[in-house]
Amino acid sequence: MEEPLASRRVLTPALLLAPMILLLVLFLIVPTFGLLRASFLSESHLLDGSGFSLKQYIRFFSDSYYSSVLFETFVDGIIVSLICLGIGFPTGYSLARLSPPARRWRIIIVIMPLTLSLVVIVFGWLIILGRNGVINALLLSSGIASSPKQLLFSRPAVITVLVQQFLPFMILSVMSVVTQIDPVLEHAAANLRANRFATFRKVVIPLALPGIFAGFNLVFVLSISAFITPRLIGGNRVAMLGSLIYERIMAELNWPSGAAMAFILLVSGLGVTATLNALAASRLVRKGGRYAR
Amino acid sequence: MLALSEGKEDAVSESNDFVVELRSVSKLYGDTAAVADISLKARRGELLCLLGPSGCGKTTTLRMVAGFVEPSSGSIHINNIDMTHQAPYRRDTGMVFQSYALFPHMTVAGNVSFGLENLRWPREKRDKRVDEMLKLVELAHLAQRLPSQLSGGQQQRVALARALAIKPAVLLLDEPFSNLDAQLRVRMREELQEVVRSVNVTTLFVTHDQEEALTMSDRIVVMNAGKVEQIGTPGEIYETPATPFVAKFIGWCSLLKGTVDDAGAFTSTAGLRIMGNWSAGPATVVIRPEQLKLSAGGAPGQGQQARVLHSQYLGGATRVVLDVNGEQLIMQERFPFGRHPQHGDVLGITISTDNLRLIGEA
Ligand SMILES: Nc1ncnc2c1ncn2[C@@H]1O[C@H](COP(=O)(O)OP(=O)(O)OP(=O)(O)O)[C@@H](O)[C@H]1O
Ligand SMILES: [Mg+2]
């Protein structure tokens with residue numbers, strides 16, 4: 001009578017996980033491998049070709065245009081993450097320090113933009129930033145500018161819109177970690193002669209580090225893989241790898257080339273994520289006294 | 001902040017040598033007063049205990065001294081400087097929190113060194129102080145551990161070392177033993193007393209445990225519903241309680257309401273008479289268990305007739321609740337083996353009037 005119990009302990013989780021695993025295998029793992037396969041094809045326009053070639057990868061790394069786009073994409077990802085951190089940390093922290101009832105409807109406001117379709121958001125920004133948009137109207141009527149400024153189709157515009165889209169992820173990551181930090185620790189720091197700034201630097205930030213890393217990670221990965229925003233807000237002047245891949249596959253139907261770029265983005269993105277995780281895992285323990293050295 | 005801790009030496013020479021002073025301090029939360037008009041003074045080097053039932057405002061009082069809660073009215077002085085509206089980090093206090101509040105990302109030594117870093121002590125001085133403090137609480141061998149790797153008692157000692165390291169004018173402790181088991185509690189009590197005496201720091205200590213208060217304090221502040229009921233030495237509090245509340249809260253006792261007649265004898269509402277020469281008027285009598293004695297072996301017929309309601313065997317003695325003339329009295333007595341009183345037994349007792357405390361009605 002012992003055996004069924006033991007086997008049930010293994011079987012039940014497997015059964016519970018089965019639907020999700022099936023879904024992931026069918027719609028994520030299988031297509032990913034298909035894409036990986038396609039990236040090693042040499043014929044540029046065929047998905048059902050045969051053979052094995054590194055041509056797409058060699059082309060990517062030998063053409064300085066692509067590596068500069070990859071570099072720009074990463075720089076943009078880091079800038080967006082840093083801005084989100086700058087805005088999201090104070091917001092997430094103050095939300096965490098509110099009482100749960102006061103927090104509830106504020107969280108709804110934070111999450112609200114995520115419920116909107118990306119297309120709606122982007123068109124909203126087009127109206128705000130366009131030649132006849134809200135900002136230009138304000139600039140003209142207040143006399144700051146004499147003619148409409150070109151706000152759209154620039155890197156700052158893309159970064160602004162990406163920040164707006166991904167800020168909630170940073171806020172929620174920071175908030176969930178800060179709620180775990182006992183506020184009494186801040187009192188203890190103040191009692192030990194630390195002013196607000198020192199308390200933040202030496203107690204709150206080190207303890208919130210897991211949330212900061214998680215939020216940074218999320219925003220970074222979402223930013224480097226964005227393609228609708230760079231295409232619509234950045235136009236032809238701002239190249240990010242995501243929109244390049246989209247164009248390659250959807251416009252030129254060049255699957256092997258697009259697939260190779262997608263894998264380069266995936267692997268390098270994973271590299272950054274893994275590095276951040278390793279940093280977060282290595283506990284930053286503060287020693288004291290003669291043990292500090 | 002440095003100036004404050006260095007100013008200590010000057011303050012000693014002053015005649016008015018109170019390290020902490022609360023003047024008519026109140027704290028309102030909405031309409032309800034957590035603390036209502038409290039005044040108290042702690043002398044230099046004194047261990048002052050705030051004692052009272054749950055919710056009587058002890059923690060609130062302590063947090064107002066530390067600066068985490070701003071008083072609604074009144075003023076708080078530390079070393080004769082008005083600190084009522086100063087930020088916590090500008091006050092010369094060291095606090096041991098009920099939950100210890102050790103920084104989980106710092107080692108034991110890191111925790112102890114934290115305050116010294118903020119005070120910008122030079123490294124050598126800081127290292128020496130950390131070693132000294134860890135030796136004081138006998139934790140030198142655990143200096144590199146993280147708080148999560150310590151037992152409750154060890155964490156408590158780190159919290160104490162951390163608070164004392166910065167040489168505060170006043171040490172604040174909020175029920176520091178409430179998370180420890182009974183045996184460890186008694187040991188830590190002795191240890192704390194020893195450490196506090198050895199560094200001679202003025203200490204405000206919060207507890208709801210009357211035994212803790214009686215054994216540790218120089219003076220006790222008994223609080224009830226946000227007010228001070230009585231301030232005095234443990235002896236004064238126990239022997240001469242100022243109010244029925246204090247009598248009831250400190251140690252076991254029976255309270256009898258009644259009146260003193262013109263002859264000076266007390267008669268309780270149920271009719272129990274106790275001879276004496278008190279001044280006439282309504283009064284409450286406090287009878288401690290040790291003031292009830294068995295008369296001549298406790299045989300019925302001698303002294304007052306007392307019927308046993310129930311009894312509790314405590315090992316060294318038996319606590320007996322008696323019905324004497326319709327009043328319930330508590331007695332503690334050592335009965336011979338096999339002769340423990342049972343429910344319904346009748347005993348002869350005498351009430352010693354020597355130290356009997358009578359509280360006149362206000
Ligand atoms: N932030 C607050 N808001 C509203 N009421 C409060 C607040 N803090 C404390 N109180 C109330 O003030 C009163 C005193 O609280 P306090 O924490 O000082 O009690 P205490 O004597 O320390 O009790 P305990 O022994 O249970 O710790 C309580 O009735 C409590 O409900
Ligand atoms: Mg309390």
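Reminder, nothing fancy here: chain letters follow the sequence lines and each chain counts from 1.
Atom CG of A:L185 sits about 6.5 Å away from atom CZ of B:F103, to the nearest 0.5 Å. If you take OG1 on A:T199 and CG on B:N118, they are separated by 7.5 Å, rounding to the nearest 0.5 Å. In this structure, CG on A:L192 lies 11.0 Å from CE on B:M95, to the nearest 0.5 angstrom. Atom CG of A:D182 sits about 13.5 Å away from atom OH of B:Y100, to the nearest 0.5 Å. Distance CE/B:M106 to CG/A:L207: 7.5 Å, rounded to 0.5 Å.
There is no contact between B:L172 and chain A, counting heavy-atom distances below 4.5 Å. Contact annotation for A:A198: only side-chain heavy atoms (C-beta onward) come within less than 4.5 Å of a heavy atom of chain B. Both the backbone and the side chain of B:R162 have a heavy atom closer than 4.5 Å to some heavy atom of chain A.
The number of heavy-atom neighbours closer than 6.0 Å to CZ of A:R196, taken from other residues, nucleotides and ligands shown, is 12 or below.
Checked by atom type and distance alone, the side chain of A:H187 never pairs as donor or acceptor with a backbone atom of B:A66 at under 3.5 Å. Of the possible donor and acceptor atoms, none in the side chain of A:R193 sits under 3.5 Å from a partner among the backbone N and O of B:E117.
Ranked by heavy-atom pairs under 4.5 Å with chain A, the list B:G94, B:A163, B:G67, B:A87 is led by B:G94.
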